[in-house]
Amino acid sequence: MTLLSVTDLHVHYPSQGASLRAVDGVSLDVAAGETVGLVGESGCGKSSLGRAVLRLGDRTSGRILFAGEDFGAAPEGRLRAFRRRLQMIFQDPYGSLNPRHSVGDILLAPLTVHGIGKREERRRRVHDMLDRVGLPRDAAHRFPHEFSGGQRQRIGIARALILEPELVVCDEPVSALDLSIQAQIINLLAAMKREMNLSLLFISHDLSVVRYVADRVLVMYLGRVVESGPHDRLWDHPQHPYTRALIDAVPDPARRRHASPLPGDLPSARNIPAGCRFHARCPIATDLCRSVDPPLRSVAPGHQTACHHAGH
Ligand SMILES: Nc1ncnc2c1ncn2[C@@H]1O[C@H](COP(=O)(O)OP(=O)(O)O)[C@@H](O)[C@H]1O
Ligand code: SF4
Ligand SMILES: [Mg+2]
């Protein structure tokens, strides 16, 4: 069953008298219980997309269906009912946790706002959630600054999950953490996802992070999805030169391969190149690429790419 369905989403910001097209026509589906990874280098529009999908940020146009209902067109007054079912986990949990509130109060707030349970039940749910995310119960009486980065992210996860949402957008949830802590948080998210049958839209600039959690991966470049497919398929048979470059940028100690950085810089979303938006950085670009924008097309079951020369 499709839980989230986004069609032709655009997020354009006014910028220096022009329009900055951060998201430039993205369509995507997330099925119930599925984890979709969204990858692409910094600045390609991932956060703008994630926020727009939850109606937490700007949206210029595009349809958003949630559980078959037109969430994108729902009036403000109806958003609260959706909010409970849709949550977000941020890169910097500290920035999103009120430093003057105890962890217990931070976790109680969503239950109070949504009028869930009586006092005793709320307390029980807070304690239960602390257990599930691997925090001690006395954490409820402590404040965010008393915790390490990894523990703060556990608090952020607890806060997002306490309402038992159906879809969680995780925006770079481990990017600010030490490498050794990243795996713990990814494992926690994967376990919570299984236990609670969540759907996740998991955003990361790092393809290797997404690899361990995502059933399916979308590769984003300058506001567009340029390749999508099952994660094994994308990893083993990437079709788009940008996906290949992202894979090459991941160090692979098993194959004793060094990471090669992506060539060139991401062009400005204020001035998107004509034709294929990747052409200036693409090692196999031709004249066709410089003039004609390649549409997303199917190259194998469930595998799509937007490249004139893919599969040739
Ligand atoms: N509120 C905003 N106003 C103007 N430009 C923005 C805003 N948020 C993001 N941008 C621009 O939109 C583009 C995409 O940014 P973002 O969605 O944060 O990408 P990512 O999360 O992939 O790094 C960037 O060029 C960024 O500078
Ligand atoms: S369409 Fe052309 S420029 Fe774009 S990725 Fe494919 S080969 Fe490279
Ligand atoms: Mg971002």
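Order of appearance sets the numbers: ligands from 1, and atoms from 1 within every ligand.
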Peer 1: Counting only heavy atoms from other residues, nucleotides and ligands, does the tally under 6.0 Å from OH of Y13 exceed 12?
Peer 2: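 Atom OH in Y13 is packed in, count exceeds 12.
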Peer 1: Quick test of your reading: applying side-chain hydrogen bond (donor to acceptor under 3.5 Å, both in side chains), list the pairs with at least one residue in residues 179-190, sequence neighbours left out, ordered by first then second residue.
Peer 2: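 Counting only pairs at least two positions apart or across chains, the side-chain hydrogen bond (donor to acceptor under 3.5 Å, both in side chains) contacts touching residues 179-190 are R154-Q184.
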Peer 1: Which residue and non-hydrogen atom of the protein lie closest to atom 17 (O) of ligand 1, and at what distance in Å?
Peer 2: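 Looking only at protein heavy atoms, the one closest to atom 17 (O) of ligand 1 is S48 OG, 2.6 Å.
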Peer 1: Side chain or backbone, does A269 bring an N or O within less than 3.5 Å of an N or O on ligand 1?
Peer 2: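 No, since none of the N or O atoms of A269 sits under 3.5 Å from an N or O of ligand 1.
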Peer 1: Quick one: side chains of residues 100-112, donor-acceptor pairs under 3.5 Å with protein atoms, not counting sequence neighbours, listed by atom name and distance.
Peer 2:
residue: S102; atom: OG; partner: D105; partner atom: N; Å: 3.2
residue: S102; atom: OG; partner: A140; partner atom: O; Å: 3.3
residue: T112; atom: OG1; partner: L108; partner atom: O; Å: 3.0

Peer 1: Counting only heavy atoms from other residues, nucleotides and ligands, does the tally under 6.0 Å from CZ of R63 exceed 12?
Peer 2: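 No, not enclosed.
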Peer 1: Looking only at atom types and distance, does a side-chain atom of E195 sit under 3.5 Å from a main-chain N or O of M192, one as donor and one as acceptor?
Peer 2: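 No; judged by distance alone, with no hydrogens or angles, the pair does not exist.
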Peer 1: Looking at Q239 and L234, would you say the former's side chain and the latter's main chain have a donor-acceptor pair under 3.5 Å?
Peer 2: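 Such a contact is absent between Q239 side chain and L234 backbone.
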Peer 1: If you measure every N or O of C44 against every N or O of ligand 1, does any of those distances drop under 3.5 Å?
Peer 2: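 Such a contact does occur with ligand 1.
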Peer 1: Go through ligand 1 atom by atom and flag the ones less than 4.0 Å from a non-hydrogen atom of A22.
Peer 2: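 Atoms satisfying the 4.0 Å criterion: 12 (O), 13 (C), 14 (C).
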Peer 1: Checking a contact table here: which protein heavy atom is nearest atom 22 (O) of ligand 1, and how many Å away?
Peer 2: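 The closest one turns out to be K46 NZ, 2.8 Å.
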Peer 1: Heavy atoms under 4.0 Å from ligand 2: which residues qualify?
Peer 2: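 Residues within 4.0 Å of ligand 2: H240, P241, C276, F278, H279, C282, I284, A285, C289, P294, C307, H308, H309.
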Peer 1: For atom 21 (O) of ligand 1, state which one of G43, S47, S15 supplies the nearest heavy atom.
Peer 2: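 Answer by nearest heavy atom: S47.
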Peer 1: Output yes when R277 and D24 qualify as a salt bridge under the 4.0 Å nitrogen-oxygen rule, no when they do not.
Peer 2: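 Looking at D24 together with R277, the answer is yes, because their closest N to O distance falls below 4.0 Å.
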Peer 1: Take the angle between the ring planes of Y242 and H240 and call it parallel below 30°, perpendicular above 60°, tilted in between.
Peer 2: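 Geometry flag for H240 against Y242: perpendicular rings.
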Peer 1: Less than 4.0 Å from atom 14 (C) of ligand 1, is there any heavy atom belonging to the protein?
Peer 2: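 Within 4.0 Å: yes, protein heavy atom nearby.
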Peer 1: So does R78 pair up with E69, basic N to acidic O under 4.0 Å?
Peer 2: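 Yes.
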Peer 1: Salt bridge between D128 and R125, side-chain N to carboxylate O under 4.0 Å?
Peer 2: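 Salt bridge: no.
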Peer 1: Check whether any side-chain N or O of R55 sits under 3.5 Å from a backbone N or O of F71 as a donor-acceptor pair, and report yes or no.
Peer 2: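 At least one qualifying donor-acceptor pair exists.
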Peer 1: Nearest protein heavy-atom contact for atom 19 (O) of ligand 1: which residue, which atom, what distance?
Peer 2: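 Here the nearest protein heavy atom works out to G45 N, 3.1 Å.
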Peer 1: Report yes or no: does S27 contribute a side-chain atom to a donor-acceptor pair with the main-chain N or O of D8 at less than 3.5 Å?
Peer 2: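 Indeed, once roles are kept as given, a pair shorter than 3.5 Å links the two residues.
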Peer 1: Among all protein non-hydrogen atoms, which one is nearest to atom 5 (N) of ligand 1, and what is the separation to 0.1 Å?
Peer 2: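 Residue, atom and distance for the closest contact: Y13 CD1, 3.3 Å.
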Peer 1: I'd like to check which ligand 1 atoms, numbered from 1 as shown, lie under 4.0 Å from a non-hydrogen atom of S42.
Peer 2: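 Once the distances to S42 are compared, the set is 23 (O).
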Peer 1: As a test of the contact definition, would atom 27 (O) of ligand 1 count as having a protein heavy-atom neighbour under 4.0 Å?
Peer 2: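 Flag for atom 27 (O) of ligand 1 set to false, no protein heavy atom closer than 4.0 Å.
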Peer 1: Using the ring of each side chain (for Trp, its six-membered ring), is Y221 parallel, tilted or perpendicular to F278, with breaks at 30° and 60°?
Peer 2: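 Perpendicular.
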Peer 1: Would you mind counting protein N, O or S atoms that sit less than 2.8 Å from the Mg ion (ligand 3)?
Peer 2: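 Counting protein N, O and S atoms closer than 2.8 Å to the Mg ion (ligand 3) gives 1.
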Peer 1: Before signing off on this row, confirm whether L20 and ligand 1 have an N or O atom pair separated by under 3.5 Å.
Peer 2: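 No, no N or O pair falls under 3.5 Å.
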Peer 1: Any salt bridge between R224 and D293, counting N to O under 4.0 Å?
Peer 2: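 Salt bridge: yes.
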Peer 1: Hey, could you give me the CG/CD distance between D265 and E41, rounded to the nearest 0.5 Å?
Peer 2: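 One finds 8.5 Å between CG of D265 and CD of E41.
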